[in-house]
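Keep in mind it's a predicted model, so treat the numbers as computed, not measured. First the proteins, then the strands, lettered A, B, ... as listed; each starts at 1.
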There are 2 protein chains.
Amino acid sequence: MSSTQTCPIEASILQLLSPSQRNILEAQSHQINLNSHEYLFERGDTADHIYQVNRGKVTLSRLMPNGEQKVFKVFLSGGVIAEMAVFMQPREYPMSAHIDQETTLTAYSYASFKELFISNPELSLQVISFISNRVGQLMNSLDMLTQVNANQRLVMHFADIYSKQKRCGNRFTLPNTKKVLASQLGITPETLSRLFRKLKFNGLITESGACITVPDFTVLCREVDLVPSIFQHNH
Amino acid sequence: MSSTQTCPIEASILQLLSPSQRNILEAQSHQINLNSHEYLFERGDTADHIYQVNRGKVTLSRLMPNGEQKVFKVFLSGGVIAEMAVFMQPREYPMSAHIDQETTLTAYSYASFKELFISNPELSLQVISFISNRVGQLMNSLDMLTQVNANQRLVMHFADIYSKQKRCGNRFTLPNTKKVLASQLGITPETLSRLFRKLKFNGLITESGACITVPDFTVLCREVDLVPSIFQHNH
DNA sequence: TGACGGCCTTGATAATTGTCAAGGAGGTAA
DNA sequence: TTACCTCCTTGACAATTATCAAGGCCGTCA
């Protein structure tokens, strides 16, 4: 359907590059076209490229010990895929990337990044900062997923989406289907459906399509026993 | 009590350094002595040092939104603290480090690391790999904590400890109190106690003090519906 | 020595979340 | 059009985990 959707604004490693560095990288990049139901890469493949989505939709997911496919993230136009994987050792993609819609991507090779890093020590430092921050974020997610209940996880996810989208009042748009959202929150679609129903029933949110309106963030947070500051924007 | 305990063998950023690089760092390091109940640093402090524990015990923990103190990790002799935090931006410790026993540490400054990185681009590359791997591990933990139940989390934690300790038959030693273990697994101490009771009752493990014996790893894994390969050593 | 405090355990009970089954809505392809 | 198919929802029920309360054990400290 909407092939014009773009990823929520999110920092990527590409933004650390200066214009000239970016040019060097672009010169060595190449374009890729893939059709729906193909795979960009599969878990275990040698991770030698970072990809940026120009148009389309790519889902990163992995097989769980129980046999289910868990969605880790969905990338739309602008999204940068596998920016960590190419630097890991062994250099293998830890997840599979599935094409959901006809997609065009730009592929940047590991080798060209490596060259850039070697010849620009200050860039390496920035990258180290960047990845360290990602570690910090992941540790936060880790706490979030263990120490708070599903209701709170959902609201915290709302806060996350809200702060990443450009503000338009007290509304935001769910970027994925609810099935995917449930997978990301680590709950079943049924439980998610019931959480939504409860929030709507209590007037804490209203829903119209993928658009969620929150009449009062403070009330919403208080209701699920969270600090309201989670909805504050921090660039 | 046992002040001779050492941390489980775990990769640290210090091991990436060549002997000469290590010497440069050591020359700029300094020693710290702290007594029980003091804090090495608190959440929000400027993160300008990485610490290695020479002797003693340090607990890294953070305050959760519900007001509880969650233990992230316990460091014993050999442990390296805050190897990520110093590279984050803003450069603040994301957790507090509490001294549990009289402790001596070596402090390495952020500035000296930065110099090393700038003058050794290949080292930077290694560090990028190292931190990327950490990202991968955290993503695994993230899955583990959301997709599997408490019982499985406990057994996976056993596997983790087992593979990090030098093997002595089918035994391993719990490095922390059960209260801390429960906190790390994201469950209450009561639930943990009941899980242990069930495992012991079913003859899947035996417990004597902090030492756990597993008669048959394969049976244990099968009982909680996990693949036995989690107990395989992978260096 | 006794008093206190933390950790661990256990029981009873409640809250949370998952599982199974079913049906509606909407999209796609023959 | 019909025949699927997936997503979303709902209900009934089961499993998991938390909460509250209590007691035992084992340290430390006065």
Test side-chain contact (heavy atoms from CB on, under 4.5 Å) on I161(A) and L174(A) and set out the steps.
CA-CA 8 Å; I161(A) 295 170; L174(A) 298 178; 4.0 Å; yes
With a 4.0 Å heavy-atom cut-off, tell me which residues in residues 180-191 of chain A come close to DNA chain C, sorted by residue number.
G186(A), I187(A), T188(A), E190(A), T191(A)
Ring centres under 6.0 angstrom apart (F158(B), F217(B)):
no
Distance below 4.0 Å between R197(B) side-chain N/O and dT9(C) OP1 or OP2
no
Quiz item: cation-pi between K178(B) and F196(B), 6.0 Å / 45°
yes
Sub-6.0 Å ring centroid separation between Y108(B) and Y51(B)
no
Between N33(A) and T104(A), is there a side-chain donor-acceptor contact under 3.5 Å, judged purely by atom types and distance?
no
Quick one: which of dT19(D), dT10(D), dT9(C) gets closest to the side chain of R194(A)?
dT10(D)
5'-most contact on DNA chain D: T146(A) or F196(A), nearest heavy atom basis?
F196(A)
For the pair made of NZ in K179(B) and P in dT9(C), what is the distance, rounded to whole Å?
14 Å
In whole angstroms, how far is the P atom of dT17(C) from the CG atom of L154(A)?
11 Å
Using distance alone, with no hydrogens and no angle criterion, decide if T146(B) and K70(A) have a side-chain donor and acceptor under 3.5 Å apart.
yes
Where the side chain of T177(B) is defined as all heavy atoms beyond and including C-beta, which of dC7(C), dT17(D), dT16(C) is the nearest nucleotide?
dC7(C)
One pair to check against side-chain contact (heavy atoms from CB on, under 4.5 Å): L192(B) and L181(B). What are the steps and the verdict?
CA-CA 8 Å; L192(B) 179 62; L181(B) 176 56; 3.9 Å; yes
Length of the CG-P vector between L192(B) and dT19(D), whole Å:
15 Å
Could you state the atom-to-atom distance from CG of L195(A) to C1' of dT10(D) in whole Å?
14 Å
Checking N35(A) against H37(A): is there a side-chain donor and acceptor pair closer than 3.5 Å?
no
When the axes are fitted on five pairs at both termini, how much does the helix from dT1(C)-dA30(D) to dA30(C)-dT1(D) curve, in 10° steps?
40°
Using only heavy-atom distances, determine whether the side chains of N54(B) and T106(B) contain a donor-acceptor pair under 3.5 Å.
yes
Between NE2 of H37(A) and P of dT6(D) the distance, given in whole Å, is 10 Å
Let me know the distance between CG of N151(A) and C1' of dT17(C), rounded to the nearest Å.
12 Å
note: K198(A), atom NZ; dT10(D), atom C1'; distance rounded to Å ~ 15 Å
Take the protein atom CG of N176(A) and the nucleotide atom C1' of dT6(D), then report the distance between them rounded to whole Å.
16 Å
